[in-house]
Amino acid sequence: MKTQWYKNAVVYQIYPFSFKDANNDGWGDIEGIISKLDYIKDLGVTAIWFSPLYKSPDFDYGYDVSDYTDIDEKFGTMADFDRLLEECHKRGMKVIMDMVLNHTSIEHPWFRKAVEEKDPEYKEYYIIRKGIERNGRLYPPTNWASTFTGSAWEWISGTDEYYLHLFCKEQADLNWENPKVREEIIKILNFWLDKGVDGFRYDVFNMFSKVYPFKDDDSKSFQKGSPYFVDGPRMHEFLKELNEKSLSHYDSFTVGESYHPSKQNALEYVKEENKELDSIFNFAHLDSDNIGGAKFFYKPFDLKQFKKGLFDPQRDNYDKGWNTLVLENHDNPRSVSRFGIDYRHYRYEAATMLAGITYLGYGTPFIYQGQEIGMYNCGFKSIDQMKDPVSHFVYDLMTGYDMPRSLAFRFIRYGARDHARIPMKWDDTINAGFNDGHKPWQWDDKDSSVNVKADVSSDKSVYRFYQDLLKIRKKDAAFIYGKTIEHDHDSKRIIAYERVYEGRRFFVLGNFSKKKTSYTLPDFVKEDELLINNYEDFEKKDGKIVLQPYQVLAFGRPQEESHRRVLKRVRRVN
Ligand code: GLC
């Protein structure tokens, strides 16, 4: 049944709120997405992951689902979705749905029945515990912290009970120990698979299984309580069950968003023989300019850390499980505004270098909307312009500890998820072509100097570079199956690696610096074709080459035949 189509795939992530607003009401919508499918296809994309389109009260912008089998009105109807699916398939693009299964919205009928109607059956759908009484006062059952700050427990008014929420208090954690919950989830997966969708991205999946009995966390964990809810003891069993009862009956793909998994677990989740997930996201390299993964805390960019984060999973997963390649998503600032990059001077060069060194690696490329034209961070001027609840929670926390407001805001602006969530810039007309002029749901700085129309017609087009890059990946199976061998690990400017497969070697080289850097190419490269270059040429001096700021090069001799063989193999299984 499984063809492993995802190994050849290039995935584009759409954040529906902000992609394209066809009915001009301020919210992106399905009709808008359909109108841009050719644009996505032409980039070289073969699958689209949609951030949640389901009904939601939007406390966490779609990640608090109140109906898993219906489309939210602001995006359209189920009939619109069916058309979207058909239009994607017509263009040869697969559809990946976001599945938020660790928690539901508190407006989900299950939660309402559990809490408002006190239905004992539905109480078992959630994690509800009696609080602790001390000196006539009620305290949460444990000292666990929510990922989004504050206690992970919310009091149920009029009772002595609390429910668990590892994110916003409007996102109540499901009780995966309850077989009925798992049955419901399998029904949801099958509902979408029967419609014809091709796979899922599981939101924060490695929090499904909790550790019982619950106790206070006395360890020095990065988040209080995390030993009780990260990589819990039944994680592997739960994933296998979903696979056995649902996914394995379809030619599907799963990618899991994990939350600080252990190295061992990260591998077990994706090992092919385990039949749990096809891949997970690896974000460690994205923490190379913040302190210990805390996005709001600036640290000077550390290229060695970036390289370790990027290459370790390629090495660890090689030939065992599948990998993913990521630079951005809806939870991170724009990549050209990070990693010590001066995007005002080197936006094109850095955007293309980042793409080159990332997407020629081992794994499926994931591209976030706007990244393909080199969109940069938004010039937010005050916290009120930001919509993400996390920006507000952390700002309130900081100012609550008497940090000056301007300083707190500087921290937030550094790591805010809001940067990625502003409306997509299509052209230089009103609201950058997102819609016909209605005020968009999310404030933005009205800087539309970078937009699709301008980018594709520019001499220095990030979009066209992406197109070329994605074509190169299709020219040789080595870019899919090749082993990654890192070079120059200790260099503070160079990022370089080989992809090796069936006697062929490809070489990828990037100057992750605004300083010219000379480099001696390995001997095996000398006779090779130059496949990728984000400058017109490259300089040679005394047997060395001189890389320009953020220059990226790739060399090799592709055998298109090898790729055709692989495709044929995939089709045969089909
Ligand atoms: C994931 C999503 C994020 C959301 C969180 C809670 O990390 O990517 O946007 O806030 O889960 O669902």
Side-chain angles (χ1 to χ4, degrees), residues 11 13-19 28 49-66 68 72 96-108 111 126-127 144-150 152 154 163-174 176 185 188 200-208 222-223 225-226 229-231 254-261 277 279-284 286-287 290 293-296 324 326-334 366 368-369 386-394 412 415-422 441-442:
V11 184
Q13 183 193 350
I14 289 189
Y15 188 68
F17 287 85
S18 297
F19 193 60
W49 148 30
F50 295 99
S51 275
L53 288 160
Y54 320 106
K55 279 210 181 322
S56 165
D58 292 337
F59 287 102
D60 190 22
Y61 294 93
Y63 285 89
D64 47 327
V65 179
S66 56
Y68 289 89
D72 198 281
I96 299 167
M97 301 297 277
D98 214 315
M99 271 295 151
V100 190
L101 304 170
N102 177 67
H103 41 262
T104 73
S105 157
I106 56 167
E107 293 187 15
H108 194 290
F111 191 81
Y126 294 90
I127 301 178
W144 303 354
S146 145
T147 314
F148 288 173
T149 73
E154 182 69 11
Y163 66 87
L164 182 72
H165 62 90
L166 296 180
F167 294 86
C168 289
K169 67 180 190 327
E170 292 82 4
Q171 293 164 300
D173 274 53
L174 280 166
W176 275 71
I185 285 167
I188 294 166
F200 300 109
R201 175 253 187 201
Y202 289 164
D203 191 67
V204 289
F205 79 88
N206 62 332
M207 292 174 150
F208 296 167
F222 61 93
Q223 181 184 343
S226 53
F229 50 72
V230 173
D231 290 339
T254 47
V255 53
E257 185 216 22
S258 52
Y259 186 74
H260 303 282
L277 295 169
S279 56
I280 60 171
F281 289 127
N282 295 295
F283 298 134
L286 303 185
D287 289 331
N290 63 42
K295 287 186 189 154
F296 299 106
T324 56
V326 179
L327 278 167
E328 293 183 17
N329 59 27
H330 64 294
D331 292 333
N332 279 286
R334 293 292 186 178
F366 278 73
Y368 181 67
Q369 66 183 46
M386 294 179 161
K387 278 279 195 314
D388 180 15
V390 179
S391 300
H392 289 267
F393 295 149
V394 179
I412 302 302
R417 310 196 293 182
D418 304 74
H419 291 295
R421 299 177 178 193
I422 63 164
W441 72 282
Q442 164 71 63

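Because the structure is predicted, anything quoted here is derived from the model rather than measured. Note that ligands are numbered from 1 as they come in the structure, with each ligand's atoms numbered from 1 the same way.
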Is it the case that atom NZ in K387 sees more than 12 heavy atoms from other parts of the structure closer than 6.0 Å?
yes
The side chain to side chain donor-acceptor pair (under 3.5 Å) partners of S279 (sequence neighbours excluded) come to none
Just to be sure I understand the cut-off, which residues have at least one non-hydrogen atom under 4.0 angstrom from an atom of ligand 1?
D60, Y63, H103, F148, F167, Q171, R201, D203, V204, E257, H330, D331, R417, R421
Sorted by first residue and then second, give each salt bridge (charged side-chain N to carboxylate O under 4.0 Å, His left out) pair with at least one member in residues 55-66; sequence neighbours left out.
K55-D70, D58-K74, D60-R417
Just to verify, what does F393 make a ring-ring contact (aromatic ring centres under 6.0 Å, His included) with, not counting sequence neighbours?
none
Pairing donors with acceptors under 3.5 angstrom, does anything connect the side chains of Y63 and S51?
yes
Kindly say whether the aromatic ring centers of F148 and H165 come within a distance under 6.0 Å.
no
